[in-house]
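Read through the structure below, which is laid out as C-alpha coordinates, and then see the notes.
For this chain, numbers begin at 1 and follow the sequence in order. For ligands, and for the atoms within them, numbers begin at 1 and follow the listed sequence.
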Amino acid sequence: MEAFEQKMKAEGLSQAAIDAFRLNYEQLVAGVTGLVPEKDIAAIDELPRLADLKSKPVGDVKGLLAKTAVLKLNGGLGTSMGLAKAKSLLEVKDGKTFLDLIADQIEYTRSQTGSKVRFVLMNSFSTSDDTKEYLSKSHADLINEPDVELVQNKSPKVDAKTLKPATFPEDPEQEWCPPGHGDIYPSLLGSGMLNRLVDAGIEYVFVSNSDNLGATLDVDLLAYFAETEKSFIMEVAERTAADKKGGHLARRLADGRLMLRESAMCPDDDKAAFEDISKHKFFNTNNLWVNLPKLKAKLEASNGVLRLPLIKNKKTVNPRDSSSPPVFQLETAMGSAIECFNDSGAVVVPRERFAPVKTTNDLFALRSDAFKVTEAHTVVLAAPKGPLVKLDDKHYKLVDKMDALTDAVPSLLHANSLTVKGPVRFVAGTSIEGDVLISNESSEPVTLPAQKYKDSVTDLTPAKV
Ligand code: UPG
(Lines give C-alpha, C1' and ligand atoms only; values in the text may rest on other atoms or scores of the structure.)
Protein backbone atom coordinates (compact mmCIF):
# COMPACT_ATOMS: atom_id res chain seq x y z
CA MET A 1 0.00 0.00 0.00
CA GLU A 2 2.95 2.31 0.69
CA ALA A 3 3.86 2.58 -3.00
CA PHE A 4 0.26 3.57 -3.78
CA GLU A 5 0.23 6.13 -1.01
CA GLN A 6 3.42 7.74 -2.31
CA LYS A 7 2.13 7.78 -5.85
CA MET A 8 -1.16 9.37 -4.77
CA LYS A 9 0.58 11.97 -2.60
CA ALA A 10 2.94 12.88 -5.45
CA GLU A 11 -0.14 13.43 -7.61
CA GLY A 12 -1.52 15.85 -5.00
CA LEU A 13 -4.47 13.66 -3.97
CA SER A 14 -6.08 14.26 -0.59
CA GLN A 15 -5.81 12.11 2.52
CA ALA A 16 -9.50 11.27 2.12
CA ALA A 17 -8.79 9.89 -1.37
CA ILE A 18 -5.87 7.84 -0.07
CA ASP A 19 -7.92 6.46 2.84
CA ALA A 20 -10.76 5.46 0.52
CA PHE A 21 -8.33 3.75 -1.85
CA ARG A 22 -6.70 1.94 1.07
CA LEU A 23 -10.02 0.43 2.08
CA ASN A 24 -10.64 -0.77 -1.48
CA TYR A 25 -7.12 -2.14 -1.76
CA GLU A 26 -7.43 -4.02 1.53
CA GLN A 27 -10.63 -5.65 0.25
CA LEU A 28 -8.82 -6.61 -2.97
CA VAL A 29 -5.84 -8.14 -1.16
CA ALA A 30 -8.06 -9.98 1.34
CA GLY A 31 -9.96 -11.47 -1.61
CA VAL A 32 -13.27 -10.18 -0.25
CA THR A 33 -15.91 -11.56 -2.61
CA GLY A 34 -18.72 -9.28 -1.48
CA LEU A 35 -21.18 -12.07 -2.30
CA VAL A 36 -24.59 -11.68 -0.66
CA PRO A 37 -26.56 -14.95 -0.65
CA GLU A 38 -30.34 -14.96 -0.66
CA LYS A 39 -30.48 -16.43 2.85
CA ASP A 40 -28.78 -13.30 4.27
CA ILE A 41 -31.37 -10.81 3.01
CA ALA A 42 -35.08 -10.11 3.15
CA ALA A 43 -37.05 -8.78 0.21
CA ILE A 44 -38.57 -5.30 0.52
CA ASP A 45 -42.33 -5.35 0.03
CA GLU A 46 -43.65 -1.97 1.04
CA LEU A 47 -42.12 1.47 0.77
CA PRO A 48 -43.50 5.01 0.76
CA ARG A 49 -44.53 6.16 -2.73
CA LEU A 50 -43.96 9.61 -4.18
CA ALA A 51 -47.55 9.66 -5.44
CA ASP A 52 -48.78 9.40 -1.81
CA LEU A 53 -46.38 12.07 -0.54
CA LYS A 54 -47.71 14.49 -3.13
CA SER A 55 -51.11 14.51 -1.50
CA LYS A 56 -49.67 16.13 1.63
CA PRO A 57 -49.07 19.86 1.88
CA VAL A 58 -45.54 20.70 0.96
CA GLY A 59 -44.75 23.17 3.73
CA ASP A 60 -42.12 25.87 3.64
CA VAL A 61 -40.47 24.85 0.41
CA LYS A 62 -38.69 28.13 -0.12
CA GLY A 63 -36.91 27.79 3.22
CA LEU A 64 -35.91 24.22 2.39
CA LEU A 65 -34.68 25.10 -1.09
CA ALA A 66 -32.34 27.69 0.40
CA LYS A 67 -30.71 24.81 2.30
CA THR A 68 -30.48 22.52 -0.74
CA ALA A 69 -27.86 21.73 -3.35
CA VAL A 70 -28.44 19.85 -6.59
CA LEU A 71 -25.40 17.79 -7.52
CA LYS A 72 -25.01 16.10 -10.90
CA LEU A 73 -22.59 13.24 -11.46
CA ASN A 74 -20.72 14.24 -14.58
CA GLY A 75 -17.54 12.19 -14.47
CA GLY A 76 -18.39 9.70 -17.21
CA LEU A 77 -17.22 9.91 -20.81
CA GLY A 78 -19.85 7.86 -22.57
CA THR A 79 -17.17 5.61 -24.05
CA SER A 80 -19.70 2.86 -24.78
CA MET A 81 -21.34 5.27 -27.24
CA GLY A 82 -17.98 6.16 -28.77
CA LEU A 83 -17.58 9.53 -27.06
CA ALA A 84 -14.27 10.98 -25.95
CA LYS A 85 -15.83 13.90 -24.07
CA ALA A 86 -18.28 14.31 -21.21
CA LYS A 87 -21.46 12.45 -22.14
CA SER A 88 -23.49 15.41 -20.92
CA LEU A 89 -22.13 17.50 -23.83
CA LEU A 90 -24.04 15.37 -26.27
CA GLU A 91 -26.91 17.09 -28.05
CA VAL A 92 -30.17 15.52 -26.94
CA LYS A 93 -33.09 17.69 -27.93
CA ASP A 94 -33.79 20.80 -29.99
CA GLY A 95 -30.10 21.67 -30.22
CA LYS A 96 -29.66 21.42 -26.45
CA THR A 97 -27.18 19.18 -24.63
CA PHE A 98 -27.84 17.36 -21.34
CA LEU A 99 -25.84 20.09 -19.65
CA ASP A 100 -27.92 22.88 -21.22
CA LEU A 101 -31.13 21.25 -20.01
CA ILE A 102 -29.72 20.67 -16.52
CA ALA A 103 -28.59 24.30 -16.28
CA ASP A 104 -31.95 25.51 -17.65
CA GLN A 105 -33.77 23.37 -15.05
CA ILE A 106 -31.77 24.97 -12.23
CA GLU A 107 -32.42 28.47 -13.51
CA TYR A 108 -36.11 27.69 -13.90
CA THR A 109 -36.40 26.33 -10.33
CA ARG A 110 -34.68 29.45 -9.06
CA SER A 111 -36.92 31.81 -10.99
CA GLN A 112 -40.10 29.95 -10.01
CA THR A 113 -39.33 29.65 -6.31
CA GLY A 114 -37.29 32.80 -5.78
CA SER A 115 -34.81 30.61 -3.96
CA LYS A 116 -31.21 30.27 -4.98
CA VAL A 117 -30.84 26.53 -4.77
CA ARG A 118 -27.14 25.63 -5.07
CA PHE A 119 -25.78 23.79 -8.09
CA VAL A 120 -22.72 21.51 -8.12
CA LEU A 121 -21.26 19.39 -10.92
CA MET A 122 -19.02 16.49 -10.02
CA ASN A 123 -16.52 16.28 -12.89
CA SER A 124 -13.65 13.87 -13.35
CA PHE A 125 -10.17 14.70 -14.62
CA SER A 126 -11.41 13.76 -18.09
CA THR A 127 -14.59 15.87 -18.12
CA SER A 128 -13.63 19.00 -16.18
CA ASP A 129 -12.06 21.14 -18.96
CA ASP A 130 -14.66 20.39 -21.63
CA THR A 131 -17.55 20.95 -19.26
CA LYS A 132 -16.27 24.26 -17.92
CA GLU A 133 -15.44 25.55 -21.37
CA TYR A 134 -18.92 24.68 -22.61
CA LEU A 135 -20.74 26.17 -19.64
CA SER A 136 -18.66 29.34 -19.71
CA LYS A 137 -20.17 29.99 -23.16
CA SER A 138 -23.73 28.81 -22.57
CA HIS A 139 -24.34 29.58 -18.85
CA ALA A 140 -21.51 31.88 -17.78
CA ASP A 141 -23.30 33.02 -14.60
CA LEU A 142 -23.69 29.48 -13.37
CA ILE A 143 -20.11 28.39 -13.89
CA ASN A 144 -18.81 31.39 -11.97
CA GLU A 145 -20.73 30.53 -8.81
CA PRO A 146 -18.69 29.43 -5.78
CA ASP A 147 -18.15 25.69 -5.44
CA VAL A 148 -19.99 24.89 -8.64
CA GLU A 149 -17.42 22.23 -9.49
CA LEU A 150 -16.29 19.24 -7.47
CA VAL A 151 -13.45 17.46 -9.25
CA GLN A 152 -13.41 13.84 -8.28
CA ASN A 153 -10.26 11.95 -7.40
CA LYS A 154 -8.39 9.56 -9.57
CA SER A 155 -7.37 6.12 -8.53
CA PRO A 156 -4.14 4.27 -9.36
CA LYS A 157 -4.66 1.15 -11.47
CA VAL A 158 -3.42 -2.02 -9.73
CA ASP A 159 -1.18 -4.46 -11.61
CA ALA A 160 -3.23 -7.66 -11.57
CA LYS A 161 -0.16 -9.94 -11.24
CA THR A 162 1.88 -8.12 -8.58
CA LEU A 163 -0.88 -6.07 -6.90
CA LYS A 164 1.56 -3.10 -7.14
CA PRO A 165 0.87 0.23 -8.88
CA ALA A 166 0.52 -0.39 -12.63
CA THR A 167 3.08 1.40 -14.78
CA PHE A 168 2.80 2.57 -18.37
CA PRO A 169 5.70 4.91 -19.14
CA GLU A 170 4.54 5.49 -22.76
CA ASP A 171 1.49 7.34 -21.42
CA PRO A 172 1.54 7.77 -17.62
CA GLU A 173 -2.06 9.14 -17.65
CA GLN A 174 -3.13 5.55 -18.35
CA GLU A 175 -1.86 4.54 -14.90
CA TRP A 176 -4.95 6.26 -13.43
CA CYS A 177 -8.68 5.62 -13.64
CA PRO A 178 -11.86 7.16 -12.21
CA PRO A 179 -12.79 5.56 -8.86
CA GLY A 180 -16.52 5.32 -9.64
CA HIS A 181 -19.24 7.64 -8.34
CA GLY A 182 -18.80 6.32 -4.76
CA ASP A 183 -15.85 8.70 -4.82
CA ILE A 184 -18.30 11.54 -4.25
CA TYR A 185 -17.85 11.08 -0.48
CA PRO A 186 -14.01 11.30 -0.28
CA SER A 187 -14.10 14.06 -2.94
CA LEU A 188 -16.54 16.16 -0.91
CA LEU A 189 -14.48 15.61 2.22
CA GLY A 190 -10.97 15.92 0.76
CA SER A 191 -11.74 19.05 -1.27
CA GLY A 192 -13.11 20.82 1.79
CA MET A 193 -16.43 21.32 -0.04
CA LEU A 194 -18.36 19.31 2.52
CA ASN A 195 -17.32 21.70 5.27
CA ARG A 196 -17.89 24.77 3.13
CA LEU A 197 -21.41 23.68 2.16
CA VAL A 198 -22.34 22.78 5.73
CA ASP A 199 -20.91 26.10 6.95
CA ALA A 200 -23.01 27.88 4.33
CA GLY A 201 -26.13 26.26 5.81
CA ILE A 202 -26.65 23.61 3.12
CA GLU A 203 -28.32 20.59 4.69
CA TYR A 204 -29.74 18.61 1.81
CA VAL A 205 -28.09 17.48 -1.37
CA PHE A 206 -29.98 15.86 -4.20
CA VAL A 207 -27.58 13.79 -6.32
CA SER A 208 -28.32 12.18 -9.68
CA ASN A 209 -26.72 10.99 -12.91
CA SER A 210 -26.29 13.77 -15.47
CA ASP A 211 -27.65 11.48 -18.19
CA ASN A 212 -30.97 11.08 -16.36
CA LEU A 213 -33.12 13.98 -17.54
CA GLY A 214 -36.00 12.73 -15.39
CA ALA A 215 -34.07 13.53 -12.22
CA THR A 216 -35.38 16.99 -11.44
CA LEU A 217 -35.53 18.54 -7.98
CA ASP A 218 -38.87 17.34 -6.61
CA VAL A 219 -40.09 19.56 -3.77
CA ASP A 220 -42.38 16.89 -2.29
CA LEU A 221 -39.44 14.56 -1.95
CA LEU A 222 -37.35 17.37 -0.50
CA ALA A 223 -40.07 18.14 2.06
CA TYR A 224 -40.35 14.43 2.94
CA PHE A 225 -36.57 14.11 3.29
CA ALA A 226 -36.42 17.13 5.58
CA GLU A 227 -39.42 16.03 7.63
CA THR A 228 -38.20 12.47 8.23
CA GLU A 229 -34.73 13.76 9.13
CA LYS A 230 -33.16 10.71 7.53
CA SER A 231 -29.45 10.64 6.66
CA PHE A 232 -29.97 9.13 3.24
CA ILE A 233 -32.88 8.39 0.92
CA MET A 234 -32.74 6.45 -2.32
CA GLU A 235 -35.33 6.89 -5.06
CA VAL A 236 -36.15 3.42 -6.33
CA ALA A 237 -38.37 2.34 -9.21
CA GLU A 238 -40.30 -0.83 -9.79
CA ARG A 239 -38.31 -3.46 -11.71
CA THR A 240 -39.72 -4.71 -14.98
CA ALA A 241 -38.66 -7.76 -17.00
CA ALA A 242 -36.11 -5.50 -18.72
CA ASP A 243 -34.49 -4.62 -15.35
CA LYS A 244 -33.80 -8.20 -14.25
CA LYS A 245 -30.06 -7.81 -14.46
CA GLY A 246 -29.67 -4.51 -12.62
CA GLY A 247 -29.10 -4.37 -8.86
CA HIS A 248 -31.99 -4.46 -6.39
CA LEU A 249 -32.77 -3.11 -2.96
CA ALA A 250 -32.93 -5.56 -0.01
CA ARG A 251 -32.76 -5.62 3.77
CA ARG A 252 -29.74 -7.32 5.37
CA LEU A 253 -30.95 -9.72 8.04
CA ALA A 254 -27.83 -9.39 10.21
CA ASP A 255 -28.40 -5.71 11.08
CA GLY A 256 -31.74 -4.82 9.48
CA ARG A 257 -30.19 -2.21 7.20
CA LEU A 258 -31.22 -1.46 3.65
CA MET A 259 -28.64 -2.47 1.08
CA LEU A 260 -28.11 -2.74 -2.67
CA ARG A 261 -27.36 -6.13 -4.15
CA GLU A 262 -25.76 -5.68 -7.58
CA SER A 263 -25.72 -8.66 -9.96
CA ALA A 264 -21.98 -9.22 -9.39
CA MET A 265 -22.74 -9.67 -5.65
CA CYS A 266 -25.18 -12.54 -6.17
CA PRO A 267 -23.87 -16.14 -5.86
CA ASP A 268 -24.62 -18.25 -8.97
CA ASP A 269 -26.99 -20.52 -7.02
CA ASP A 270 -29.24 -17.56 -6.18
CA LYS A 271 -29.49 -16.08 -9.69
CA ALA A 272 -33.12 -17.15 -10.07
CA ALA A 273 -34.10 -15.34 -6.87
CA PHE A 274 -32.09 -12.29 -7.97
CA GLU A 275 -34.01 -12.12 -11.23
CA ASP A 276 -37.38 -12.70 -9.57
CA ILE A 277 -38.89 -9.24 -9.98
CA SER A 278 -42.02 -10.20 -8.06
CA LYS A 279 -39.81 -10.88 -5.03
CA HIS A 280 -37.10 -8.22 -5.35
CA LYS A 281 -39.27 -5.46 -6.70
CA PHE A 282 -37.17 -2.30 -6.59
CA PHE A 283 -33.99 -1.01 -8.26
CA ASN A 284 -31.83 2.03 -7.64
CA THR A 285 -32.42 5.01 -9.94
CA ASN A 286 -29.27 6.65 -8.50
CA ASN A 287 -31.37 9.69 -7.54
CA LEU A 288 -30.22 10.07 -3.96
CA TRP A 289 -30.81 12.48 -1.11
CA VAL A 290 -28.00 12.99 1.38
CA ASN A 291 -28.17 14.97 4.60
CA LEU A 292 -24.84 16.80 4.62
CA PRO A 293 -24.39 17.49 8.36
CA LYS A 294 -25.20 13.82 9.02
CA LEU A 295 -22.76 12.69 6.33
CA LYS A 296 -20.14 14.90 7.91
CA ALA A 297 -20.80 13.43 11.36
CA LYS A 298 -20.66 9.91 9.95
CA LEU A 299 -17.33 10.56 8.22
CA GLU A 300 -15.90 12.14 11.35
CA ALA A 301 -16.94 9.09 13.39
CA SER A 302 -15.37 6.65 10.94
CA ASN A 303 -11.92 8.17 10.26
CA GLY A 304 -13.09 9.93 7.13
CA VAL A 305 -14.11 6.79 5.22
CA LEU A 306 -17.45 5.23 4.38
CA ARG A 307 -17.12 1.45 4.17
CA LEU A 308 -18.46 0.87 0.67
CA PRO A 309 -18.29 -2.52 -1.00
CA LEU A 310 -15.54 -2.83 -3.60
CA ILE A 311 -16.30 -3.12 -7.31
CA LYS A 312 -13.31 -4.84 -8.90
CA ASN A 313 -12.99 -4.18 -12.62
CA LYS A 314 -10.48 -6.21 -14.58
CA LYS A 315 -9.10 -4.31 -17.60
CA THR A 316 -5.77 -3.81 -19.39
CA VAL A 317 -3.49 -0.92 -18.47
CA ASN A 318 -3.87 0.50 -21.99
CA PRO A 319 -7.60 0.30 -22.72
CA ARG A 320 -6.88 0.44 -26.47
CA ASP A 321 -4.53 -2.57 -26.39
CA SER A 322 -6.02 -5.78 -25.04
CA SER A 323 -2.56 -7.40 -25.00
CA SER A 324 -1.15 -4.81 -22.55
CA PRO A 325 -0.71 -5.94 -18.90
CA PRO A 326 -3.92 -6.74 -16.99
CA VAL A 327 -4.90 -4.37 -14.18
CA PHE A 328 -7.62 -4.02 -11.56
CA GLN A 329 -9.54 -0.75 -11.44
CA LEU A 330 -10.96 -0.34 -7.96
CA GLU A 331 -14.31 1.41 -7.84
CA THR A 332 -17.24 2.05 -5.52
CA ALA A 333 -20.86 3.04 -6.19
CA MET A 334 -22.53 6.03 -4.56
CA GLY A 335 -25.81 4.21 -3.88
CA SER A 336 -24.18 1.45 -1.87
CA ALA A 337 -23.76 4.04 0.92
CA ILE A 338 -27.39 3.26 1.78
CA GLU A 339 -26.00 0.52 4.05
CA CYS A 340 -23.71 2.92 5.90
CA PHE A 341 -26.53 4.64 7.79
CA ASN A 342 -28.92 2.99 10.24
CA ASP A 343 -31.69 5.45 9.33
CA SER A 344 -31.56 5.19 5.52
CA GLY A 345 -34.82 5.14 3.62
CA ALA A 346 -36.16 4.56 0.12
CA VAL A 347 -39.10 6.00 -1.81
CA VAL A 348 -40.76 4.46 -4.86
CA VAL A 349 -40.86 6.98 -7.68
CA PRO A 350 -42.61 6.74 -11.04
CA ARG A 351 -40.60 5.68 -14.03
CA GLU A 352 -40.54 9.27 -15.37
CA ARG A 353 -37.90 10.07 -12.77
CA PHE A 354 -35.64 7.51 -14.38
CA ALA A 355 -35.02 8.39 -18.02
CA PRO A 356 -31.38 7.54 -18.61
CA VAL A 357 -29.58 7.62 -21.91
CA LYS A 358 -27.32 4.60 -21.84
CA THR A 359 -27.35 3.70 -25.53
CA THR A 360 -27.88 5.29 -28.95
CA ASN A 361 -31.31 3.56 -28.96
CA ASP A 362 -32.30 5.72 -25.97
CA LEU A 363 -30.86 8.82 -27.66
CA PHE A 364 -32.65 8.18 -30.97
CA ALA A 365 -36.00 7.87 -29.15
CA LEU A 366 -35.33 10.95 -27.02
CA ARG A 367 -34.50 13.06 -30.07
CA SER A 368 -37.79 12.09 -31.71
CA ASP A 369 -41.20 13.70 -31.25
CA ALA A 370 -42.14 10.89 -28.79
CA PHE A 371 -40.48 13.13 -26.18
CA LYS A 372 -40.95 16.83 -25.59
CA VAL A 373 -39.28 19.51 -23.50
CA THR A 374 -41.56 21.11 -20.92
CA GLU A 375 -41.65 24.69 -19.72
CA ALA A 376 -39.60 23.53 -16.73
CA HIS A 377 -36.97 22.21 -19.20
CA THR A 378 -37.59 18.60 -18.33
CA VAL A 379 -37.98 15.97 -21.01
CA VAL A 380 -41.19 13.99 -20.83
CA LEU A 381 -43.02 11.52 -23.01
CA ALA A 382 -45.27 13.16 -25.57
CA ALA A 383 -46.68 9.76 -26.47
CA PRO A 384 -48.72 7.49 -24.19
CA LYS A 385 -45.84 5.04 -24.11
CA GLY A 386 -42.13 5.30 -24.93
CA PRO A 387 -41.19 3.64 -28.23
CA LEU A 388 -38.93 0.62 -28.04
CA VAL A 389 -36.07 1.42 -30.43
CA LYS A 390 -33.65 -1.29 -31.45
CA LEU A 391 -31.04 -0.14 -33.92
CA ASP A 392 -28.44 -2.41 -35.46
CA ASP A 393 -25.40 -2.37 -33.12
CA LYS A 394 -22.86 -2.54 -35.92
CA HIS A 395 -24.11 0.58 -37.66
CA TYR A 396 -25.64 2.70 -34.90
CA LYS A 397 -23.93 1.84 -31.57
CA LEU A 398 -21.58 4.83 -31.84
CA VAL A 399 -23.11 8.30 -31.87
CA ASP A 400 -21.04 9.44 -34.88
CA LYS A 401 -22.20 6.49 -36.95
CA MET A 402 -25.82 6.95 -35.92
CA ASP A 403 -25.66 10.66 -36.77
CA ALA A 404 -24.14 9.90 -40.18
CA LEU A 405 -27.15 7.70 -41.02
CA THR A 406 -29.78 10.04 -39.60
CA ASP A 407 -30.48 13.14 -41.70
CA ALA A 408 -33.68 13.48 -39.65
CA VAL A 409 -35.09 11.37 -36.80
CA PRO A 410 -38.42 9.88 -37.91
CA SER A 411 -41.65 10.66 -36.10
CA LEU A 412 -42.08 8.04 -33.34
CA LEU A 413 -45.08 9.64 -31.66
CA HIS A 414 -47.34 6.71 -32.57
CA ALA A 415 -44.64 4.04 -32.65
CA ASN A 416 -44.68 1.02 -30.41
CA SER A 417 -41.39 -0.42 -31.63
CA LEU A 418 -38.85 0.32 -34.34
CA THR A 419 -36.28 -2.34 -35.21
CA VAL A 420 -33.55 -1.58 -37.73
CA LYS A 421 -31.28 -4.27 -39.15
CA GLY A 422 -28.37 -3.16 -41.32
CA PRO A 423 -27.46 0.40 -42.41
CA VAL A 424 -30.61 2.42 -43.15
CA ARG A 425 -30.58 6.18 -43.75
CA PHE A 426 -33.47 8.19 -42.30
CA VAL A 427 -34.59 11.38 -44.04
CA ALA A 428 -37.13 14.08 -43.21
CA GLY A 429 -40.81 13.27 -43.71
CA THR A 430 -40.67 9.70 -42.33
CA SER A 431 -43.03 8.47 -39.64
CA ILE A 432 -43.26 5.15 -37.82
CA GLU A 433 -46.47 3.82 -36.28
CA GLY A 434 -47.12 0.58 -34.37
CA ASP A 435 -44.46 -2.12 -34.76
CA VAL A 436 -42.09 -1.58 -37.65
CA LEU A 437 -39.09 -3.53 -38.88
CA ILE A 438 -36.75 -2.08 -41.51
CA SER A 439 -33.87 -4.16 -42.84
CA ASN A 440 -31.03 -3.87 -45.31
CA GLU A 441 -28.85 -6.95 -45.60
CA SER A 442 -26.19 -5.20 -47.67
CA SER A 443 -23.31 -3.28 -46.12
CA GLU A 444 -24.01 -0.09 -48.12
CA PRO A 445 -26.51 2.31 -46.52
CA VAL A 446 -29.89 2.50 -48.24
CA THR A 447 -32.24 5.48 -47.76
CA LEU A 448 -35.65 4.68 -46.37
CA PRO A 449 -38.12 6.52 -48.64
CA ALA A 450 -39.88 9.29 -46.72
CA GLN A 451 -43.46 8.17 -45.95
CA LYS A 452 -45.55 6.61 -43.20
CA TYR A 453 -44.71 3.03 -42.08
CA LYS A 454 -47.35 1.34 -39.97
CA ASP A 455 -47.18 -2.19 -38.48
CA SER A 456 -45.00 -3.31 -41.35
CA VAL A 457 -41.82 -5.07 -42.41
CA THR A 458 -39.73 -3.34 -45.11
CA ASP A 459 -36.74 -4.98 -46.72
CA LEU A 460 -34.47 -2.44 -48.43
CA THR A 461 -31.76 -4.91 -49.48
CA PRO A 462 -30.84 -3.67 -53.04
CA ALA A 463 -31.22 -7.02 -54.85
CA LYS A 464 -34.64 -7.49 -53.30
CA VAL A 465 -36.10 -4.02 -53.84
N1 UPG B 1 -19.81 8.88 -12.97
C2 UPG B 1 -18.98 9.76 -12.33
N3 UPG B 1 -17.76 9.32 -11.91
C4 UPG B 1 -17.35 8.02 -12.07
C5 UPG B 1 -18.23 7.12 -12.70
C6 UPG B 1 -19.46 7.58 -13.14
O7 UPG B 1 -19.30 10.94 -12.16
O8 UPG B 1 -16.24 7.70 -11.65
C9 UPG B 1 -21.14 9.36 -13.39
C10 UPG B 1 -21.50 9.19 -14.85
O11 UPG B 1 -21.11 10.31 -15.60
C12 UPG B 1 -23.03 9.06 -14.80
C13 UPG B 1 -23.28 8.48 -13.41
O14 UPG B 1 -22.09 8.61 -12.67
O15 UPG B 1 -23.63 10.34 -14.86
C16 UPG B 1 -23.75 7.02 -13.42
O17 UPG B 1 -22.80 6.20 -14.01
P18 UPG B 1 -23.24 5.01 -14.98
O19 UPG B 1 -22.01 4.26 -15.36
O20 UPG B 1 -24.11 5.57 -16.04
O21 UPG B 1 -24.21 4.12 -14.07
P22 UPG B 1 -23.84 2.84 -13.22
O23 UPG B 1 -22.70 3.15 -12.35
O24 UPG B 1 -23.75 1.66 -14.12
O25 UPG B 1 -25.17 2.61 -12.34
C26 UPG B 1 -25.64 3.59 -11.42
C27 UPG B 1 -25.92 2.91 -10.07
C28 UPG B 1 -26.95 1.78 -10.24
C29 UPG B 1 -28.21 2.42 -10.82
C30 UPG B 1 -27.88 3.11 -12.14
C31 UPG B 1 -29.05 3.85 -12.72
O32 UPG B 1 -24.70 2.40 -9.52
O33 UPG B 1 -27.22 1.18 -8.96
O34 UPG B 1 -29.19 1.39 -11.02
O35 UPG B 1 -26.86 4.12 -11.94
O36 UPG B 1 -28.73 4.35 -13.99
Worksheet item: Protein heavy atom under 4.0 angstrom of atom 24 (O) of ligand 1, is there one?
Response: no

Practice prompt. Answer yes or no for atom 19 (O) of ligand 1: protein heavy atom present at a distance under 4.0 Å?
Written response: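 When distances to the protein are checked, atom 19 (O) of ligand 1 has no heavy atom within 4.0 Å.
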
Would you kindly specify which portion of [X] sits under 4.0 Å from ligand 1, judged on non-hydrogen atoms: side chain, backbone, both or neither?
X	value
Asp183	neither
Thr285	backbone
Lys87	neither
Glu262	side chain

Suppose we measure from [atom] to each protein heavy atom; which comes out shortest, and what is that distance?
atom	result
atom 35 (O) of ligand 1	Asn209 ND2, 3.4 Å
atom 30 (C) of ligand 1	Asn284 O, 4.1 Å
atom 31 (C) of ligand 1	Phe354 CE1, 3.5 Å
atom 12 (C) of ligand 1	Leu73 O, 4.0 Å
atom 10 (C) of ligand 1	Gly76 N, 3.7 Å
atom 7 (O) of ligand 1	Gly75 N, 2.7 Å

Under 4.0 angstrom from ligand 1, any heavy atom of [X]?
X	result
Pro356	no
Gly180	yes
Lys358	yes

Practice prompt. Classify the angle between the aromatic ring planes of His377 and Tyr108 as parallel (below 30°), tilted (30 to 60°) or perpendicular (above 60°).
Written response: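 Because their plane-to-plane angle is over 60°, the rings of His377 and Tyr108 count as perpendicular.
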
Element-labelled atoms of ligand 1 that are located less than 4.0 Å from some non-hydrogen atom of [X]:
X	answer
Asn286	26 (C), 27 (C), 35 (O)
Ser210	15 (O)
Asn74	7 (O), 11 (O)
Pro178	8 (O)

Discussion item. Checking side chain to side chain donor-acceptor pair (under 3.5 Å) between Asn212 and each of Thr285, Asn286, Asn287, which is the one that passes?
Written reply: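 Considering Thr285, Asn286, Asn287, a side chain to side chain donor-acceptor pair (under 3.5 Å) with Asn212 is found only for Asn287.
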
Salt bridge or not between [X] and [Y]? Use side-chain N to carboxylate O under 4.0 Å.
X	Y	value
Glu175	Lys7	yes
Arg351	Asp243	yes
Arg49	Glu238	yes

Fill in: ligand 1 to Pro179 polar contact by distance, N or O atoms, under 3.5 Å
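Not met; the criterion fails.
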
Practice prompt. Determine whether Phe206 and Leu71 make a side-chain contact, defined as any pair of heavy atoms from C-beta on separated by less than 4.5 Å.
Written response: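 No. Closest side-chain heavy atoms not under 4.5 Å.
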
Under a 3.5 Å cutoff, is there a donor and acceptor pairing between the side chains of [X] and [Y]?
X	Y	answer
Asn74	Thr131	yes
Lys72	Ser208	yes
Tyr396	Asn361	no
Gln329	Asn313	no

Discussion item. I'd like to know whether the aromatic ring centres of Phe274 and His248 sit less than 6.0 Å apart in this structure.
Written reply: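 Here the rings of His248 and Phe274 have centres that are less than 6.0 Å from each other.
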
Worksheet entry | Donor-acceptor pair, side chain of Arg252 and main chain of Leu258, under 3.5 angstrom | no

Worksheet item: Nearest to atom 3 (N) of ligand 1 by heavy atom, Met234, Gln152, Glu331, His181: which?
Response: Gln152

Discussion item. Does Ser278 form a side chain to side chain donor-acceptor pair (under 3.5 Å) with Asp276? I'd like the steps, not just the answer.
Written reply: CA-CA 5 Å; Ser278 65; Asp276 183 350; 2.6 Å; yes

